[in-house]
Chemist: 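Okay, here's the structure, questions in a sec.
All chains are named by letter (A, B, ...) in the order of the sequence lines, taking the proteins before the strands, and each is independently numbered beginning at 1. These values consider heavy atoms only, across backbone and side chains, with no hydrogens, waters or symmetry-generated copies.
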Number of protein chains: 2
Amino acid sequence: MARTQGSHSEITGPRIRAAALKLFAKHGYAAVSMRQIASDVGVQAGALYNYTPDKQALLFTLLKTHMHELLAAYDDLPAQGSATAQLRSFVNFHISFHLERPDAVFISYMELRNLSPENFPVIESLRRTYETRLQDILSAGKQDGSFAVEDTKITTWAVIAMLNGVITWYNTEGRLSVEEVQSTYWEMVRKTVAA
Amino acid sequence: MARTQGSHSEITGPRIRAAALKLFAKHGYAAVSMRQIASDVGVQAGALYNYTPDKQALLFTLLKTHMHELLAAYDDLPAQGSATAQLRSFVNFHISFHLERPDAVFISYMELRNLSPENFPVIESLRRTYETRLQDILSAGKQDGSFAVEDTKITTWAVIAMLNGVITWYNTEGRLSVEEVQSTYWEMVRKTVAA
DNA sequence: GTCTATACCAAGATAGAC
DNA sequence: GTCTATCTTGGTATAGAC
């Protein structure tokens, strides 16, 4: 006779994080209770504490994991030659990576203020590291004359803000493929920095 | 002998909304308690309910007021001639209006999901109305050949996302004046839609 | 109109049985 | 490892005195 309530240690952890990610993205960290997360996973609230010391650690883990995956994936891309090729690669990467993880992207921008004072700087630093990848491309292109960029810092923020806008409207069931979105945004970014 | 605890009906209401706006922007709607708002104003929590039926109405009022002010202010601008002049006017307006109300702008984008099902469509509709102002400019410029815009809807969202990015980094104490920011963004937007 | 006091409920987190 | 049960805190909202 099999036990009706058993242990599932290898899968429960990931399922908790997946449920938390989904619920935090939908309702916001502060509005989601541990009981809701537990219910979504199919366990009791107390069981969550076998996997996370508290709710804050759950949020921190999600954001840290996302940022590390983002940086690792970008740094794994094949090297590009010209600044223009690098910029195009960045745009394509940013869009496809983000469209594959809308929930993680969402909380990475929305829930920063719900990180504890110890955790916030860690995530903020990872975010700045990623931004620096783009800023370096813009600086190089400005130097060699491929781009006309008045202020590389502001342009970096402007391009990232523009690209991030995609996740607020893109619908996987909609009329546009990821490739079409990439192409549309590349055209806009290209012109924005054009010499 | 003056009373030590009196009535201040004409000023308490606005002060409650100002405190709520500030606290919602800083910590998020769900993370702010009525007690916190009351404490910030200098009254007891129960007193708030003389001014708002509940917390949700407080959020709704803040967002609705902000959106109405935004639309009224934009529609009060002097009419412009060419599509290019209209676009420049829009960019300047959007940046200066938003930089004057960073808290209201912040919650208008972050707290939409905390609106009740009855209230959400009202705000969403106002937001779309504002976006339509920009989309109409882009359509007109596309028609008369001033702009080369692949997709007016996506470009509308891209431009607004780019402009909204300003409030995440702009610092009134920083090196840049509002006029310099307007000029920098105008240059980027102009190129983005350039024929 | 604001106060104090409180009803009522849900939150995060923990203890101990199984 | 998960359960049930519970502790403690703090939330929204209301009642009635002043």
Side-chain angles (χ1 to χ4, degrees), chain A residues 1-24 26-62 107 111 113-119, chain B residues 1-24 26-62 107 111 113-119:
Chain A
M1 178 65 172
R3 54 193 175 184
T4 54
Q5 48 179 78
S7 53
H8 311 273
S9 66
E10 297 96 42
I11 57 164
T12 304
R15 289 186 61 213
I16 288 171
R17 286 187 286 279
L21 179 64
K22 183 184 72 178
L23 292 170
F24 289 167
K26 188 165 187 183
H27 306 290
Y29 172 78
V32 173
S33 70
M34 293 299 264
R35 285 176 173 84
Q36 269 180 274
I37 298 170
S39 161
D40 197 270
V41 173
V43 297
Q44 292 300 311
L48 300 182
Y49 293 88
N50 289 316
Y51 298 92
T52 180
D54 52 29
K55 192 184 172 189
Q56 169 68 207
L58 205 42
L59 176 64
F60 182 53
T61 298
L62 290 174
I107 66 170
E111 303 299 351
R113 62 183 167 184
N114 284 311
L115 286 168
S116 69
E118 305 82 56
N119 292 339
Chain B
M1 179 62 174
R3 56 197 173 180
T4 54
Q5 48 179 77
S7 53
H8 311 272
S9 66
E10 297 96 44
I11 57 164
T12 304
R15 290 185 60 211
I16 288 170
R17 287 186 285 278
L21 179 64
K22 184 184 74 179
L23 292 170
F24 289 167
K26 189 166 187 181
H27 307 291
Y29 172 78
V32 172
S33 70
M34 294 298 263
R35 288 197 233 270
Q36 270 180 274
I37 297 170
S39 160
D40 198 89
V41 173
V43 297
Q44 292 299 312
L48 299 182
Y49 293 88
N50 290 316
Y51 299 91
T52 182
D54 53 28
K55 192 183 173 189
Q56 169 68 205
L58 206 41
L59 175 64
F60 181 54
T61 297
L62 291 174
I107 66 170
E111 304 298 352
R113 63 182 167 185
N114 284 311
L115 287 168
S116 69
E118 305 83 58
N119 292 339

Chemist: May I have the distance from Tyr49(A) (atom OH) to dA5(D) (atom C1'), rounded to whole angstrom?
Modeler: 15 Å
Chemist: Nearest heavy-atom pair of His27(A) and Gln36(A): which atoms, and what distance?
Modeler: CD2-NE2, 4.3 Å
Chemist: Got a second to check how far Arg17(A)'s CZ is from Leu21(A)'s CG, nearest 0.5 Å?
Modeler: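 Those atoms lie 11.0 Å apart.
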Chemist: What is the distance, to the nearest angstrom, from the CG atom on Leu48(A) to the P atom on dT2(D)?
Modeler: 9 Å
Chemist: Minimum heavy-atom separation for Gly28(B) to Glu111(B), with atom names?
Modeler: CA-OE2, 3.2 Å
Chemist: Can you tell me the distance, in whole Å, between the CG atom of Asn114(B) and the P atom of dT12(D)?
Modeler: 13 Å
Chemist: Using OP1 and OP2 only, check whether a side-chain N or O of Thr12(B) sits under 4.0 Å from dG1(C).
Modeler: no
Chemist: What are the two closest heavy atoms between Arg113(A) and Phe24(B), and how far apart are they?
Modeler: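 The answer is NH1-O, 3.4 Å.
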Chemist: Please write out the pairs of protein N or O atoms and N or O atoms of nucleotides 6-11 of chain C separated by less than 3.5 Å, giving the distance to one decimal.
Modeler:
none

Chemist: Please tabulate, for side-chain N and O atoms in residues 52-62 of chain B, each donor-acceptor pair with protein atoms closer than 3.5 Å (sequence neighbours left out).
Modeler:
unit_1   : atom_1 : unit_2    : atom_2 : d
Thr52(B) : OG1    : Asp54(B)  : O      : 2.8
Asp54(B) : OD1    : Gln56(B)  : N      : 3.4
Asp54(B) : OD1    : Ala57(B)  : N      : 2.9
Lys55(B) : NZ     : Tyr29(B)  : O      : 3.0
Lys55(B) : NZ     : Val32(B)  : O      : 2.7
Gln56(B) : OE1    : Ser116(B) : N      : 2.8
Gln56(B) : OE1    : Asn119(B) : ND2    : 3.0
Gln56(B) : NE2    : Asn114(B) : O      : 3.0
Thr61(B) : OG1    : Ala57(B)  : O      : 2.8

Chemist: dA13(D) C1' sits how many Å from Gln56(B) CD, rounded?
Modeler: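 My rounded result for the distance is 15 Å.
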Chemist: Please state how far atom CG in Asn50(B) lies from atom C1' in dA15(D), giving the value in whole angstrom units.
Modeler: 12 Å
Chemist: Contact list please: residues 37-46 of chain B against DNA chain D, heavy atoms, distance less than 4.0 Å, in numerical order.
Modeler: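 Heavy-atom contacts with DNA chain D come from Gly46(B).
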Chemist: Would you say a side-chain N or O of Tyr51(A) is under 4.0 Å from OP1 or OP2 of dT2(D)?
Modeler: yes
Chemist: What closest approach, in Å, do Leu23(A) and Ile37(A) show between heavy atoms, and which atom pair accounts for it?
Modeler: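 Smallest heavy-atom distance, with atoms named: CD1-CA, 3.8 Å.
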Chemist: For the side chain of Ala47(B), starting at C-beta, report the closest nucleotide among dT2(C), dA13(D), dG1(D).
Modeler: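 Ranking dT2(C), dA13(D), dG1(D) by closest atom to the Ala47(B) side chain puts dT2(C) first.
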